[in-house]
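Just below is one structure, and these are the notes that go with it.
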Amino acid sequence: MTFRTLDDASVSGKRVLLRLDLNVPMENGRIADTTRIDRALPTLGELIRKGAKTIVLSHFGRPKGGPDTENSLKGLAGSLSASLGIAVHFAADCIGPVAAEAVGKMQNGDVLLLENTRFHKGEEKNDPAFVAELARNGDLYVNDAFSAAHRAHASTEGLAHVLPAYAGRSMQAELEALGKALGNPRRPVAAIVGGAKVSTKLDLLANLSKKVDFLIIGGGMANTFLAAQGKSVGKSLCERDLLDTARDVVEAARAVKCQIVLPVDGVAAREFRAHAPSRIVSVDDIGDDEMILDLGPKSVVEIEKLLGVVKTLVWNGPFGAFEMQPFDAGTNAVASVAASLTAAGKLVTVAGGGDTVSALNQAGAADRFTYISTAGGAFLEWLEGKVLPGVEALRVK
Ligand code: AMP
């Protein structure tokens, strides 16, 4: 390990600024999947046992640079308390007098959650003045948020330059597991990229195609590629101003002999809601008033066949709007085949991303996967071979 870890830190009685990723998926105001909280527990538990004063920093959602109730972390303090079995205190600001007063009251072994770091514009700008404000409350810095490590923000990167910095146990486990499974992967390698964050993920695909033999494109992402082929995708989620980018990805993949796999059919509905009336439709036959909300059965069979051939599968993004039945069927079917092949020792499966993990849990497949990363964007950038600023800052020089 070329990173400083908790093994190298002396934390007893120290104020430890612990960066976690508490940006858990929510559904109707409730936590839909607790994986990110569960992954934070080893580091939190260790810091409590060792008598540190643990001050938790995290972002939540995408606030517009100021406080709002929807993106407050306040509700997460209760979930952390329940998981840890001790009271977790909360301060309504991550800097300034509110934070300082709460930190000042802490005893050894206490845990304090500070409000959403993204409520300050300095967070995403990695503003040195904001970094200094954050650093004022800590003696050392532990980063356990691999899933936020692709961003050079104040709490994910800046702090590592002004305080003694260490990787937390979850960050350490992610780096070790990803390196082991994907550092020198068994070939052929397939990647599934689906989901709805089309504009953020599209740019990664050209690089990713250089690393994998098959690029299976699903979810909302696939519609942009189908539209780029001149197909009519009706009311489907589709980034029409990115059709050229999609064509560039196809060209880039062709140049490196990576095969792009797109759906041949889908499940289409007129409304975006659970149990909306739907029909199975060829991708050549989508009505103007319809939207594709899941993979169709022919596409499922094609992908399942492909999984029988490949030796390593990486997965980010569901194939459909899996939160709503029956549009979870495609994701569930592919997930359970991948899980069975993994259990039989025929396939190495690594999946990442908040919604992906929640979809694989829902499909009952996650615990048979080789490794589940909590990271989505960071996971994809790591796969691309990019340097992750939050990880780099922890490296022993
Ligand atoms: P991401 O965060 O990019 O992994 O996207 C996950 C989200 O993509 C989930 O909330 C899914 O409901 C959504 N999704 C997947 N496929 C589709 C689709 N065809 N149309 C609309 N939303 C989709």
Side-chain angles (χ1 to χ4, degrees), residues 21 23-28 30-33 35-36 60-62 147-148 150 191-205 208 216-227 231-240 242 246 262-276 278-281 283 286-287 289-296 299-300 303 314-335 350-363 366 372-381 383:
D21 183 355
N23 191 28
V24 290
M26 302 294 290
E27 229 173 83
N28 305 323
R30 294 178 50 195
I31 299 172
D33 189 278
T35 305
R36 282 182 172 160
F60 189 73
R62 292 173 187 259
S147 43
H150 57 317
I192 295 173
V193 183
K197 290 194 198 91
V198 182
S199 54
T200 43
K201 291 184 193 176
L202 205 54
D203 283 338
L204 314 159
L205 293 183
L208 189 58
I216 304 168
I217 299 177
M221 193 77 130
N223 304 329
T224 303
F225 282 81
L226 295 171
K231 296 192 196 303
S232 153
V233 295
K235 289 195 300 178
S236 301
L237 175 68
C238 175
E239 299 271 351
R240 291 188 195 279
L242 293 175
L262 284 171
V264 292
D265 60 353
V267 181
R270 290 196 176 83
E271 295 162 87
F272 190 84
R273 64 168 172 87
H275 306 293
S278 60
R279 64 171 188 134
I280 292 160
V281 59
V283 292
I286 303 156
D289 58 347
E290 288 182 315
M291 58 190 120
I292 300 198
L293 293 180
D294 195 14
L295 210 53
S299 309
V300 169
I303 293 166
V314 295
W315 188 339
N316 173 275
F319 279 110
F322 74 97
E323 300 93 338
M324 311 185 294
Q325 282 182 354
F327 309 109
D328 55 344
T331 302
N332 289 348
V334 176
V350 181
D355 280 312
T356 310
V357 176
S358 138
L360 296 179
N361 275 329
Q362 196 176 301
I372 298 280
S373 171
T374 56
F379 171 69
L380 283 171
E381 290 195 18
L383 289 176

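Side chains are part of it too, since the values below use all heavy atoms of this structure and drop only hydrogens, waters and symmetry mates. Order of listing sets the numbers, starting from 1, for every ligand and every atom in it.
- Residues forming a salt bridge (Lys or Arg N to Asp or Glu O under 4.0 Å) with E239 (at least two apart in sequence, or on another chain): none.
- Given atom 13 (C) of ligand 1, the protein heavy atom at minimum distance is A196 CB, 3.8 Å.
- Below 4.0 Å from some heavy atom of G317 lie the following atoms of ligand 1, by number and element: 4 (O).
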| Chi angles and distances behind the side chain to side chain contact (heavy atoms under 4.5 Å, CB included) call for N223, M291 | CA-CA 9 Å; N223 304 329; M291 58 190 120; over 6 Å; no

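- The distance from ligand 1 to the heavy atoms of G219 drops below 4.0 Å at these ligand atoms: 16 (N), 19 (N).
- Polar contact with ligand 1: present for I292 (N/O pair, distance under 3.5 Å).
- The two residues N332 and A359 have their closest heavy-atom pair at OD1-O, 4.4 Å.
- Looking at F272 next to ligand 1, no N or O pair under 3.5 Å apart turns up.
- The protein heavy-atom contact nearest to atom 14 (N) of ligand 1 is G320 O, 3.7 Å.
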| task | Please report the C-alpha distance between F319 and V300 in whole Å, then the side-chain angles of each, then the deciding distance to 0.1 Å, and finally whether the side chain to side chain contact (heavy atoms under 4.5 Å, CB included) criterion is met. | result | CA-CA 10 Å; F319 279 110; V300 169; over 6 Å; no

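- Each of the atoms 11 (C), 12 (O), 15 (C), 16 (N), 17 (C) of ligand 1 lies under 4.0 Å from some heavy atom of A321.
- Heavy-atom distances between K201 and ligand 1 reach below 4.0 Å in at least one pair.
- D355 OD2, 3.5 Å is the protein heavy atom nearest to atom 6 (C) of ligand 1.
- A donor-acceptor pair under 3.5 Å is formed between the side chain of N316 and the backbone N or O of G352.
- At least one heavy atom of G220 sits less than 4.0 Å from an atom of ligand 1.
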Show me the donor-acceptor pairs, under 3.5 Å and distance only, between side chains in residues 262-272 and residues at least two apart or in other chains.
from : atom 1 : to   : atom 2 : distance (Å)
D265 : OD1    : S299 : N      : 3.0
D265 : OD1    : S299 : OG     : 2.5
D265 : OD2    : K298 : N      : 2.9
R270 : NE     : D289 : OD2    : 2.7
E271 : OE1    : R273 : NE     : 3.0
E271 : OE2    : R273 : NH2    : 3.3

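- A distance-only check finds a donor-acceptor pair linking the side chain of S373 to the backbone of A375 [under 3.5 Å].
- Proximity of a side-chain donor or acceptor of N23 to a complementary backbone N or O of G61 within less than 3.5 Å is detected.
- If you look at E323 next to ligand 1, the close heavy atoms, those under 4.0 Å, all belong to the side chain.
- Looking only at heavy atoms of the protein, atom 2 (O) of ligand 1 is closest to K197 NZ, 2.8 Å.
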